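Just so it is clear, the structure is predicted and the values come from calculations on it, not from any experiment. Letters A, B, ... are given to chains in the order of the sequence lines, protein chains preceding strands, and every chain is numbered from 1.
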Amino acid sequence: MHQIQLHNTLSGKVEPFAPLRPGHVGMYTCGPTVYDYAHIGNYRTFVFQDILRRFLKLRGLKLNHVMNLTDVDDRIIANAAAAGVGIREYTEKFVQAFFADCRTLSIESPEHWIRATDHIDDMVVLIRKLQENTYTYASEGSIYYRITKFRDYGKLSKVDLSGIQAGARVDNDRYEKESARDFALWKAPKPGEHFWETPIGVGRPGWHIECSAMAMKYLGETLDIHTGGIDLAFPHHENEIAQSEAATGKQFVRYWLHAEHLLVEGEKMSKSLGNFFTLRDLFAKGYKPSALRFALASVPYRRQLNFTFDGLQQATSSVERLRNFTARLKNEKFPAGNQPGMAERVKNAADEFDAGLSDDLNTAQALAAVFDFVREANTVMDKGEFRQGDVAAAAEFLGNFDKVFAVLEDNDGEKLKVIGFGGGDAGLGDAEIEKLVAERQAARARRDFAASDRVRKELLDRGIILEDTKDGKVRWKRK
RNA sequence: GGCGCGGUACCCAAGUGGUAAGGGAGAGGUCUGCAAAACCUUUAUGCGUGGGUUCGAUUCCCACCCGCGCCUCCA
């Protein structure tokens, strides 16, 4: 096993990773703001943190991973008001959609899913602490954080406060602030807005306070890992540091990991460009959840990922190749014994796989190790030299691969049902397929290839692929 | 302007101071009744451009060009 190395935004370097408490990792991920369906760019980041958590677990670390759902912010308040419902009611639909999306992408549930609006009290406690420590000031019913008081401000995103002037690009806002970069911890309610009555006043929390309060509640004052999209580094994560460290005097996060953004056909994804996709958009076009997960996971997280439909098709083929091998390993009968050298090949592949992921989650390198092995093993099988005794080790390697990548199981149809799509196999049951396969076999036996090919074509049109094996049997699978 | 990613074959993409992983796609072949799957061969004397350092650079240094992100809500 290789030393795990992770890129820390704080230092700007790839560093050896060691949790504060040996064997246990406390990790926080900024989840979605549930004002709408999440898009594939969001899921690039969520798949990244999923790969990270799965890899840490594979390496035997115990995880305590917290992901929040931001269910109160300006957009939610505005949208809920427009829809004439409460914010809880408004957000619930998108929370459920997000959970369903995560299931289709095989994103594991973190140990804790938490909502901002369930933690108002914790935020209030934290704000009071900041008041005690004199990092705040009140203005027109709101409470602001005075960033000049926090010496380390800017250490994460490397922003230079001296160079920032309030002016053209810095909105002085509708609130009264001492300095343009000061941010709201607590916002006075505007007429008609949803508000909470608390010891620090009537209103609602600012955007950043929820993550500081909840992260420390569940993970303690110092977390091992905090992840999010690169755009969150500033100001969100910078402000989280300011809030948390000003309250505790301790380092808030030891390793900050940020995923680069996804582009679509080389351009920023945006609704105005018409290149904005949710998972539902892609599944409606017939792409599989596993293909999307593979496409999102195969490009290392610190590299911008250029999403294209061609790329998604390529991912589909890659997953297919891996699944074909998995099926072959499982279904083919090999002679007893062991093939000399196979154990060594598995060991090398596993080592290279681990080396890739250990090196700041180099998924491309890890995948290369898997594909190399698949080719080698296929070759040995084709030569008839693979042995039954080799199956377990090969299967274990693939199993470990899939504990991280989670694309091998052929369950895309079921996943699509979770999200409300019928799936591609439209009604053809196993029995019916077997019956047609038997018909075709009979035709082949009497060398009536026209009839045989007709059946094969019919099945193909209905999403079933047939493969004739060497021993005269037929294997079928759903497209 | 400041900070940060990146420019490697038709597409995606790894990588190293010593002569270019892997996947997809294409072409040819093996196998097959034919396919499919799988395997084999093949597709970058070349890694944005121009200099420099070096015995040797895609890899280090300098300059420049191009794409993208953040600096304002944003994964």
Side-chain angles (χ1 to χ4, degrees), chain A residues 7 9 12 29-33 35 38-49 73-75 154 157-160 162-164 168-173 180-181 207 227-236 238 258-263 266-270 294-295 298-308 310-325 327-328 332 352 356 359 362-383 444 447-450 452-453 456-457 460 465-470 474-477:
Chain A
H7 177 88
T9 308
T29 296
C30 287
T33 301
Y35 71 104
H39 54 69
I40 56 172
N42 296 309
Y43 288 111
R44 198 274 164 107
T45 302
F46 296 132
V47 167
F48 143 66
Q49 59 81 26
D73 87 326
D74 289 341
R75 292 165 297 187
S157 54
K158 318 294 186 278
V159 295
D160 180 2
S162 63
I164 296 165
R169 304 222 62 194
V170 180
D171 182 8
N172 268 318
D173 216 284
R181 289 299 174 110
W207 172 33
T227 73
I230 185 67
D231 56 300
L232 293 183
F234 188 88
H236 185 53
E238 197 70 70
H258 291 104
E260 263 296 344
H261 274 188
L262 169 151
L263 306 175
E267 293 183 294
K268 181 172 179 169
M269 181 167 62
S270 73
F294 188 93
S298 59
V299 177
Y301 77 96
R302 282 207 300 131
R303 187 178 235 270
Q304 285 178 345
L305 187 158
N306 186 18
F307 175 86
T308 63
D310 183 49
L312 195 50
Q313 190 52 51
Q314 292 182 15
T316 303
S317 301
S318 298
V319 170
E320 196 57 31
R321 177 170 170 76
L322 295 174
R323 287 184 178 175
N324 284 339
F325 178 73
R328 187 176 190 187
E332 210 162 302
E352 186 64 15
D359 183 11
N362 188 336
T363 48
Q365 186 188 336
L367 285 170
V370 175
F371 281 105
D372 272 333
F373 173 73
V374 166
R375 192 191 57 251
E376 289 173 1
N378 268 324
T379 301
V380 173
M381 288 177 182
D382 281 359
K383 287 184 185 162
R444 288 180 77 206
R447 302 192 71 77
D448 181 357
F449 296 120
S452 153
D453 290 351
R456 182 167 66 191
K457 179 69 166 55
L460 182 64
I465 296 167
L466 299 192
E467 293 176 7
D468 299 333
T469 62
K470 272 202 170 120
V474 180
R475 185 162 57 228
W476 63 265
K477 63 187 180 188

In a check of side-chain contact (heavy atoms from CB on, under 4.5 Å) between N324(A) and each of E320(A), R321(A), R328(A), which one passes? E320(A)

Can you tell me how far NZ of K268(A) sits from CG of L262(A), rounded to the nearest 0.5 angstrom? 12.0 Å

Which part of the nucleic acid does H236(A) contact within heavy-atom distance under 4.0 Å: base, sugar-phosphate only, or nothing? nothing

Atom NZ of residue position K477(A) - does it have more than 12 heavy atoms of other residues, nucleotides or ligands inside 6.0 Å? yes

Tabulated below should be each protein N or O lying under 3.5 Å from an N or O of nucleotides 7-11 of chain B; please produce it.
unit_1: G7(B); atom_1: OP1; unit_2: R303(A); atom_2: NH2; d: 3.1
unit_1: C11(B); atom_1: O2'; unit_2: D310(A); atom_2: OD2; d: 3.3
unit_1: C11(B); atom_1: O2; unit_2: Q314(A); atom_2: OE1; d: 3.2
unit_1: C11(B); atom_1: O2; unit_2: Q314(A); atom_2: NE2; d: 3.0

So what's C5(B) paired with, Watson-Crick or G-U wobble, going by both distances under 3.5 Å? G67(B)

From CD of E467(A) over to P of U32(B), roughly how many Å is that when rounded to an integer? 16 Å

Between C1' on A38(B) and CG on D468(A), what's the gap in Å once rounded to a whole number? 14 Å

How many Å lie between CZ on R375(A) and C1' on C39(B), as a whole number? 10 Å

Select one nucleotide: of A13(B), C73(B), G22(B), the one nearest the side-chain heavy atoms of F371(A). G22(B)

Just say parallel, tilted or perpendicular for the rings of F373(A) and F325(A), cut-offs at 30° and 60°. perpendicular

May I ask you to decide whether E332(A) forms a salt bridge with K470(A), counting only side-chain N to carboxylate O separations under 4.0 Å? no

Any S317(A) side-chain nitrogen or oxygen under 4.0 Å from OP1 or OP2 of A25(B): yes

To the side chain of F449(A), which of C39(B), G33(B), C68(B) is closest? G33(B)

The side chain of D372(A) is closest to which nucleotide in this list: A35(B), C39(B), A21(B)? A21(B)

Would you say that E352(A) contacts Q365(A) through its side chain, given a criterion of any heavy-atom pair below 4.5 Å between the two side chains? yes

Under 4.0 Å between a side-chain N/O of N362(A) and OP1 or OP2 of A14(B), yes or no? no

Mind checking if R447(A) touches a base, just sugar-phosphate, or nothing, with heavy atoms under 4.0 Å? sugar-phosphate

Which nucleotide, if any, forms a Watson-Crick or G-U wobble pair with G50(B), using both distances under 3.5 Å? C62(B)

When the distance from NZ of K268(A) to C1' of A75(B) is rounded to whole Å, what number comes out? 11 Å

Choose from C68(B), C70(B), A37(B) the nucleotide whose nearest atom is closest to any side-chain atom of Q304(A). C68(B)

When all nucleic acid strands are considered with a 4.0 Å heavy-atom cut-off, which category describes A364(A): base, sugar-phosphate, or nothing? base

When the C1' atoms of U16(B) and A21(B) are compared, how many Å lie between them, rounded to an integer? 11 Å

Considering only heavy side-chain atoms of R181(A), the closest of C70(B), C71(B), C5(B) is C71(B)

Select base, sugar-phosphate, or nothing to describe what P300(A) touches, counting heavy atoms under 4.0 Å on all strands. sugar-phosphate

Could you measure between the two P atoms, the one in C62(B) and the one in G2(B), and give it in whole Å? 16 Å

T33(A) side chain: which of A38(B), A75(B), C71(B) is closest? A75(B)

Who pairs with U41(B) - Watson-Crick or G-U, where each distance is under 3.5 Å: A27(B)

Could you tell me whether the side chain of R44(A) and the main chain of Q304(A) form a donor-acceptor pair under 3.5 Å? no

When rounded to the nearest 0.5 angstrom, what is the spacing between CG in L466(A) and NZ in K457(A)? 12.5 Å

Round to a whole Å and report the spacing from OH of Y43(A) to C1' of A75(B). 11 Å

Nucleotide C31(B), atom P - distance to CG of N378(A) in whole Å: 18 Å

Tell me: CZ of F307(A) to C1' of C68(B), nearest whole Å? 18 Å

Roughly how far apart, to the nearest Å, are C71(B) and G50(B) at atom C1'? 32 Å

Considering only the P atoms, how many Å lie between C60(B) and U72(B), rounded to the nearest integer? 33 Å

Taking any strand in view, what nucleotide pairs with A21(B) in a Watson-Crick or G-U wobble way, both distances under 3.5 Å? none

Taking only side-chain nitrogens and oxygens of R302(A), does any of them come within less than 4.0 Å of OP1 or OP2 of G6(B)? no

Would you measure the distance from the C1' atom in G46(B) across to the matching atom in C5(B) and give it in whole Å? 24 Å

Which is true for G12(A) with a 4.0 Å heavy-atom rule: it touches a base, it touches only sugar-phosphate, or it touches nothing? nothing

Report the distance from atom CG of L466(A) to atom C1' of C34(B), rounded to the nearest whole Å. 13 Å

Looking only at heavy atoms, which two atoms of F46(A) and C30(A) are closest? And how far apart? CE2-O, 3.6 Å

Stacking between H261(A) and the base of A75(B) (centre distance under 5.5 Å, interplanar angle under 30°)? yes

Using the P atoms only, state how far G23(B) lies from A13(B), rounded to an integer number of Å. 16 Å

If I pick the P atom on G15(B) and the same atom on G7(B), what distance separates them, to the nearest angstrom? 10 Å

Return yes if a side-chain donor-acceptor contact under 3.5 Å exists between S157(A) and E238(A), otherwise no. yes

T379(A) vs C40(B): side-chain N/O to OP1/OP2 distance below 4.0 Å: yes

Euclidean distance for P, U30(B) against C11(B) (whole angstrom): 31 Å

Do S452(A) side-chain atoms and D448(A) backbone N/O form a donor-acceptor pair below 3.5 Å? no

Give one of base, sugar-phosphate or nothing for L460(A), where a contact means two heavy atoms less than 4.0 Å apart. nothing

Mind checking R75(A) for me? I need base, sugar-phosphate or nothing, with any heavy atom below 4.0 Å counting as a touch. sugar-phosphate

